[in-house]
**Student:** 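Handing you this structure, nothing more for now.
Quick note on labels: first sequence line is chain A, next is B, and so on, each numbered from 1.
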Amino acid sequence: MENNTIYFKIKKELAHFTLDVECSFERGTLVIQGESGSGKTTILNCLSGLMMPDSGQVVVDGVRYYDSDTNHAMNLATKERRISYMFQNYALFPNMNIEHNILYGLKNLPEYKEKHQRKELLEYADDIMQKYRIDHLRKKSPKRISGGEKQRVALARAIVTKPKLLLLDEPFSALDEDTKEMMYDEFLQFKKDFDIKTILITHSSAEANLLADTRFRLERGQIRASEGCTCT
Amino acid sequence: MQGGNLFEPILLSLRIASIATIFSLLFGVFFAYIINKRNIPFKNIWETILILPLVLPPSVMGYLLLIFVGKRGPLGIFMQETFGVTLVFTWIAAVMASSIVSLPLMYQNVKSAMISVDPVYERAARTLGSGEVRVFFTVTLPLSWPGIISGIALTFARAMGEFGATMMVAGNIPGRTQTIPTAIYYAVESGNTKMANTLVLIMTAFSFALILVLNLWLKKKNYNGR
């Protein structure tokens, strides 16, 4: 397995069908497009370790996170995986202000305990907050900011820990049409600025056309059509 | 008791209820968490045991406790042999009685608060690298705060009013184990109407104020969207 490849093979029995996918990609954004209930979110949950597949393999940049092969079976805990997950409704912690939300994941990094590295991490967080124009929201509650701002904060929170893989679950579905257009542009800019391998799931084929480097369509747990990736 | 000290039972009740509330809080939060947020076996059995003091007559709870902490009870023997301490008929026994009788109220309140915390926040915390302990202290517990506050208020009120079990394990020794409810009982028995009226008034006013403040606070919390 190449050291800069994301590879997953997931088999999982769901209520009405079996999710059975295998895919690998090396760069950019993989878009998984499909109707609701086609198994998209289950894939993200299995990758992040929030859910366990019945069988398969998850390998991120040469590191095995999950393997059902009995000879070298393993299942790394969610907190050990360098995977960030942006949930559909962003899941910003309502009991913390924006700054604490963004710094939350940093505090779990082993590097954060080293004084000089901590300084670098905090500066990096400052840079990201300025870049996404959320710097002035630091002390605000997530309840008091707009939908577009929530998305920027959630993205900042997800990337500030420098993950190996970023998972985005319907990131634009909670936004109104005008904000959506603006956030598409921001996402395309984000792709240029940060070299983070990303899996984005959406039900919209227009969104998939606009944002994907590689993509596949999921129907009842099976890959129906793929472009740019080795997916079956 | 004629013209007896009014403040002793009040202060003792406050002390017993405060300590009992702390115990109920620790155990209530612990059990609410492991029963409702973790996968432990026999959940229903544990929960039933916790709720039992709510439905059993306090005298039954008092009797069971007496068997346990009394001179021939396992904890009674242990405390006597190890520390030379007798538990029964002390204010510590009253704390135990109040803690056990009020624990179901704490448990129920904390439980409903915890299960109403949207699991997506806990999942988000895990994906951001938190282990279960940090998830609990930074997300689950703070988001259950309103339920914990009502648990504390109701537990405290229940502990202040505890009579039956306390009477059985701690008795009614003025200045040592006599609380407001047992003092009222004794005052009525001995025809000290003035004392009984005063304590009843204090107890009722206190409980009224506590519940009123709690309700107002919870309403305010809800209007703020949480």
**Student:** For atom CZ of B:Phe89, is the number of surrounding heavy atoms from other residues, nucleotides or ligands below 6.0 Å larger than 12?
**Tutor:**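 More than 12 heavy atoms, drawn from other residues, nucleotides or ligands, come within 6.0 Å of this atom.
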**Student:** Can you check whether B:Leu128's main-chain N or O pairs, donor with acceptor, with A:Asn108's side chain at less than 3.5 Å?
**Tutor:**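 Yes, because the side chain of A:Asn108 sits within donor-acceptor range (under 3.5 Å) of the backbone of B:Leu128.
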**Student:** Does NZ in A:Lys12 sit with more than 12 non-hydrogen atoms of other residues, nucleotides or ligands closer than 6.0 Å?
**Tutor:**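 Enclosed.
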**Student:** Please give me the minimum heavy-atom distance between A:Met96 and B:Thr138, naming the atom from each residue.
**Tutor:**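 Looks like CE-O, 3.5 Å.
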**Student:** For A:Phe172, does the CZ atom sit with more than 12 other heavy atoms under 6.0 Å from it, leaving out its own atoms?
**Tutor:**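 Check passes, neighbour count above 12.
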**Student:** Is there side-chain contact between A:Lys79 and B:Arg134, with at least one heavy-atom pair below 4.5 Å?
**Tutor:**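 They are not in contact (no side-chain heavy atoms under 4.5 Å apart), so the answer is no.
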**Student:** If you count heavy atoms of other groups shown closer than 6.0 angstrom to NE2 of A:His136, is the number above 12?
**Tutor:**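 Result for NE2/A:His136: enclosed.
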**Student:** For chain B, find which of A:Thr161, A:Val160, A:Leu92 contributes the most heavy-atom pairs closer than 4.5 angstrom.
**Tutor:**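 Max contact count across the listed options: A:Leu92.
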**Student:** Using a cut-off of 6.0 Å, state whether more than 12 heavy atoms not belonging to A:Lys107 lie near its atom NZ.
**Tutor:**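 Counting other residues, nucleotides and ligands, NZ of A:Lys107 exceeds 12 neighbours.
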**Student:** Should the heavy atoms of other residues, nucleotides or ligands under 6.0 Å from CG of A:Asp176 be counted, would the total exceed 12?
**Tutor:**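 Counting neighbours around CG of A:Asp176, more than 12 heavy atoms of other residues, nucleotides or ligands fall under 6.0 Å, so yes.
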**Student:** Shortest non-hydrogen contact from B:Leu143 to A:Pro94?
**Tutor:**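 The pair with the smallest heavy-atom distance is CD2-CG, 3.6 Å.
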**Student:** Looking at side-chain heavy atoms only, is the closest gap between B:Val120 and A:Asn89 below 4.5 Å?
**Tutor:**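 Of all side-chain heavy-atom pairs linking A:Asn89 with B:Val120, none is under 4.5 Å.
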**Student:** Answer yes or no: is there a side-chain heavy-atom contact under 4.5 Å between B:Ser130 and A:Tyr104?
**Tutor:**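 B:Ser130 reaches A:Tyr104 side chain to side chain.
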**Student:** Count the heavy atoms of every other residue, nucleotide or ligand shown that sit under 6.0 Å from NZ of A:Lys180, and state whether that count exceeds 12.
**Tutor:**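 Count over threshold, so yes.
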**Student:** If you define the side chain from C-beta out and look only at heavy atoms, does anything of A:Asn95 sit under 4.5 Å from B:Tyr121?
**Tutor:**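 Not touching, per the 4.5 Å side-chain cut-off.
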**Student:** Could you pull out the closest heavy-atom pair between A:Phe87 and B:Ala124, with the gap in Å?
**Tutor:**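 Result for this residue pair: CE1-CA, 3.5 Å.
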**Student:** Would you give the length of the straight line joining atom CG of A:Leu50 to atom CD of B:Glu122, rounded to the nearest 0.5 angstrom?
**Tutor:**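 Separation between the atoms: 11.5 Å.
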**Student:** With a 4.5 Å cut-off on heavy-atom pairs, point out which of A:Ala91, A:Ser84, A:Gly105, A:Ala158 contacts chain B the most.
**Tutor:**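 Among the listed options, the one with the most contacts to chain B is A:Ala91.
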**Student:** Can you tell which part of A:Arg157 gets under 4.5 Å to a heavy atom of chain B, answering side chain, backbone, both or neither?
**Tutor:**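 Both the backbone and the side chain of A:Arg157 come within 4.5 Å of chain B.
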**Student:** Measure A:Met86 against the heavy atoms of chain B and call it side chain, backbone, both or neither at under 4.5 Å.
**Tutor:**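 Neither part; nothing is under 4.5 Å.
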**Student:** Between atom OH of A:Tyr85 and atom CZ of B:Arg123, what is the distance when rounded to the nearest 0.5 Å?
**Tutor:**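 If we round to the nearest 0.5 Å, A:Tyr85:OH and B:Arg123:CZ are 6.0 Å apart.
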**Student:** For atom CZ of B:Phe208, is the number of surrounding heavy atoms from other residues, nucleotides or ligands below 6.0 Å larger than 12?
**Tutor:**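 Atom CZ in B:Phe208 is not packed in, count stays at 12 or less.
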